[in-house]
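Presented below is the structure to which this report refers.
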Amino acid sequence: MAGDLMKIFNKYLIKRSFLISFFIFTIFALLDLVFNFISELENLSDTYTFISALKYVFLSMPHSAMNFLEGACLLGVMISLGISHQEGNLNVLRSSGKSPIQIILISSIGPMILVFSFLLIDELAFREIHLNSQIEKSLKLSSSQEVSSNIQWVKDENLLISYTNITSDTIFNVKFVKLASNKVLYFKTASSAKISKNRIIFDDTLLFHSFNGQSNTGAFEDFLFPLVARVSFNDIENLSIGDVRKYRLLLRGNLVKEDQLFRMHLDKSFYKRIFYPFSILAIIIFFGSFIFSSLRDSSPASRIVLAVVGGFVYKVIQDFSISFFISFSYPIFIGVIAPAILLLIASTYLYKKI
């Protein structure tokens, strides 16, 4: 009978922490959507309309909301445990033999289900939807000064290509230039082009112009598109884990300074995502101890403020740790997991005092 009662309490803790975390996460995502939409209104034009801006922020919202997942889970557990403490449920669990760390781990199951589910869906769908919406927005703003200033140039011997956006195998707003003796022989333009091994294949919008009477209106050109040029530093976070891993493998070995820095940023993105659930669990365990410590009689509002400030400080420390290890070319994964390890060590001390 007692065992059945404990199962009910455990399920109740898991369900409550999941629902509260999901609710907070949804509120954060919606607030971010509103602010992003207000920001997008500044970019409205004849092609990028009100509906286009609304579509963009809605399609980008699921992937952008990843930034709030950690804070939502921490707040969800803290609020859930705070409510359970006021109801006396935590005392029942402790009197039945459950230790504080066991109660925290049980409560964290709900948020961790949310974390793993969202990370999986983000990898399978949300990330790609976000990239496509960004490309669609850029194409509609292609005549604006903001987008034209983002033109990227790549050179392969006497060949030049410019573009404004790139996915894994497609470049957009393409201009191809062939030179000889520093003079332009001809150029081609197209709305998009596919990168196929060492060849660029233009779409049906291809236009050709020659300066020496040479005729080369073919829909493809031989061009060695460098790997690093396919991804900017800002776009690394938009790559899937599989793509990040692929680029890391291709950049193994002796690299020039720029490629080494690019590899380290790939490592940063890879390890942050791999250890993301571990980081969330670490801060939940650490701040969850305050429910049973000297702060157990404090108001729910003070615990929420503490969790918000603590989560922010943790994120700042982790970012600093990663930047430090990148600056001195130390193993990046240590910089990623070190703050979480320190939290767990501190948690061990706190739980011993309870």
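No hydrogens, no waters, no symmetry mates; every other heavy atom, side chains included, goes into these values. When a residue number appears, it is its place in the shown sequence, counting from 1.
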Any donor-acceptor pair under 3.5 Å from [X] side chain to [Y] backbone:
X      : Y      : value
Tyr276 : Glu70  : yes
Asp156 : Phe223 : no
Asn132 : Ile129 : no
Arg248 : Arg263 : no
Ser269 : Leu266 : no
Thr49  : Ser45  : no

| Between Ile317 and Leu342, is a side chain to side chain contact (heavy atoms under 4.5 Å, CB included) present by the stated rule, with each step listed? | CA-CA 11 Å; Ile317 292 174; Leu342 292 176; over 6 Å; no
| request: Not counting sequence neighbours, which residues clear ring pair (Phe, Tyr, Trp, His ring centres under 6.0 Å) with Phe202? List them please. | output: none
| field | Partner residues of Phe37 under the ring pair (Phe, Tyr, Trp, His ring centres under 6.0 Å) criterion, sequence neighbours left out | value | Phe50
Tell me, do [X] and [Y] make a side-chain contact under 4.5 Å, heavy atoms counted?
X      : Y      : value
Ile104 : Ser289 : no
Ile24  : Ile79  : yes
Ile285 : Leu105 : yes
Leu131 : His63  : no
Ile283 : Leu343 : yes
Val154 : Tyr163 : yes
Phe270 : Ile241 : yes
Leu281 : Ser108 : yes

Nearest 0.5 Å, what's the [atom1]-[atom2] distance between [X] and [Y]?
X      : Y      : atom1 : atom2 : result
Phe68  : Leu75  : CZ    : CG    : 12.5 Å
Ile106 : Leu93  : CD1   : CG    : 7.0 Å
Phe287 : Leu81  : CZ    : CG    : 14.0 Å
Ile83  : Leu90  : CD1   : CG    : 11.0 Å
Thr189 : Leu207 : OG1   : CG    : 4.0 Å
Leu33  : Leu54  : CG    : CG    : 7.5 Å

| said: Go through it in stages, so that I can follow the logic: the residues are Ser279 and Tyr314, the test is side chain to side chain contact (heavy atoms under 4.5 Å, CB included), and I'd like the CA-CA distance, side-chain angles, deciding distance and then a yes or no. | reply: CA-CA 10 Å; Ser279 296; Tyr314 172 81; 3.3 Å; yes
Where [X] and [Y] come nearest, the two heavy atoms and their spacing:
X      : Y      : result
Ala346 : Phe286 : CB-CE1, 3.7 Å
Gln102 : Gly97  : OE1-O, 3.8 Å
Ala53  : Glu40  : CB-CB, 4.1 Å
Leu13  : Ser80  : O-OG, 4.1 Å
Gln318 : Pro339 : CA-CG, 3.7 Å

Tell me whether [Y] is reachable from [X] by hopping between hydrophobic residues (I, L, V, M, F, W, Y) whose side-chain heavy atoms are closer than 4.5 Å.
X      : Y      : value
Ile284 : Ile341 : yes
Tyr351 : Tyr349 : yes
Val92  : Phe292 : yes
Val77  : Leu19  : yes
Val34  : Phe23  : no

| message | Enumerate the side-chain hydrogen bond (donor to acceptor under 3.5 Å, both in side chains) contacts for residues 9-31, please, sequence neighbours excluded, ordered by first and then second residue. | response |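 Matches after skipping sequence neighbours: Tyr12-Arg16, Arg16-Ser84, Arg16-Glu87.
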| message | Ring-plane angle category for Tyr48 and Tyr56, please: parallel below 30°, perpendicular beyond 60°, tilted otherwise. | response |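 Tyr48 vs Tyr56 ring planes: perpendicular.
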Output a table of donor-acceptor pairs, distance under 3.5 Å, between side-chain atoms of residues 320-333 and any protein atom two or more places apart or on a different chain; print 'none' if there are none.
from   : atom 1 : to     : atom 2 : distance (Å)
Ser321 : OG     : Gly335 : O      : 2.8
Ser323 : OG     : Asp319 : O      : 2.9
Ser327 : OG     : Ser323 : O      : 2.8

| Salt bridge check: are Lys272 and Glu237 linked by an N-O gap of less than 4.0 Å? | no
Should the heavy atoms of other residues, nucleotides or ligands under 6.0 Å from [atom1] of [X] be counted, would the total exceed 12?
X      : atom1 : result
Phe22  : CZ    : no
Phe278 : CZ    : yes
Asp222 : CG    : yes

| Between Phe262 and Ile236, does a side chain to side chain contact (heavy atoms under 4.5 Å, CB included) hold up when you go through it step by step? | CA-CA 9 Å; Phe262 185 76; Ile236 289 177; 3.8 Å; yes
Within the 3.5 Å criterion, strictly below it, is a donor on [X] or [Y] matched to an acceptor on the partner's side chain?
X      : Y      : answer
Ser191 : Asp203 : no
Asn36  : Ser39  : no
Ser162 : Lys175 : no

| request: Please assess Glu221 against Lys178 for the test salt bridge (Lys or Arg N to Asp or Glu O under 4.0 Å), listing each intermediate value before the final yes or no. | output: CA-CA 10 Å; Glu221 290 281 352; Lys178 185 168 185 178; 5.7 Å; no
| request: For residues 87-127, pull every pair meeting ring pair (Phe, Tyr, Trp, His ring centres under 6.0 Å), keeping only residues two or more places apart or in separate chains. | output: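 For residues 87-127, and leaving out neighbouring residues, the ring pair (Phe, Tyr, Trp, His ring centres under 6.0 Å) pairs sorted by first residue read Phe25-Phe118, Phe118-Phe126.
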| Set of side chain to side chain donor-acceptor pair (under 3.5 Å) partners for Asn198, sequence neighbours left out | none
| Residue pair Met78, Ile291: steps toward the side chain to side chain contact (heavy atoms under 4.5 Å, CB included) verdict | CA-CA 8 Å; Met78 294 296 289; Ile291 297 294; 4.2 Å; yes
| task | Could you point out which residue of Thr170, Ile201, Ile171 forms a side-chain contact (heavy atoms from CB on, under 4.5 Å) with Ile195? | result |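 Between Ile195 and the candidates, side-chain contact (heavy atoms from CB on, under 4.5 Å) is satisfied uniquely by Ile171.
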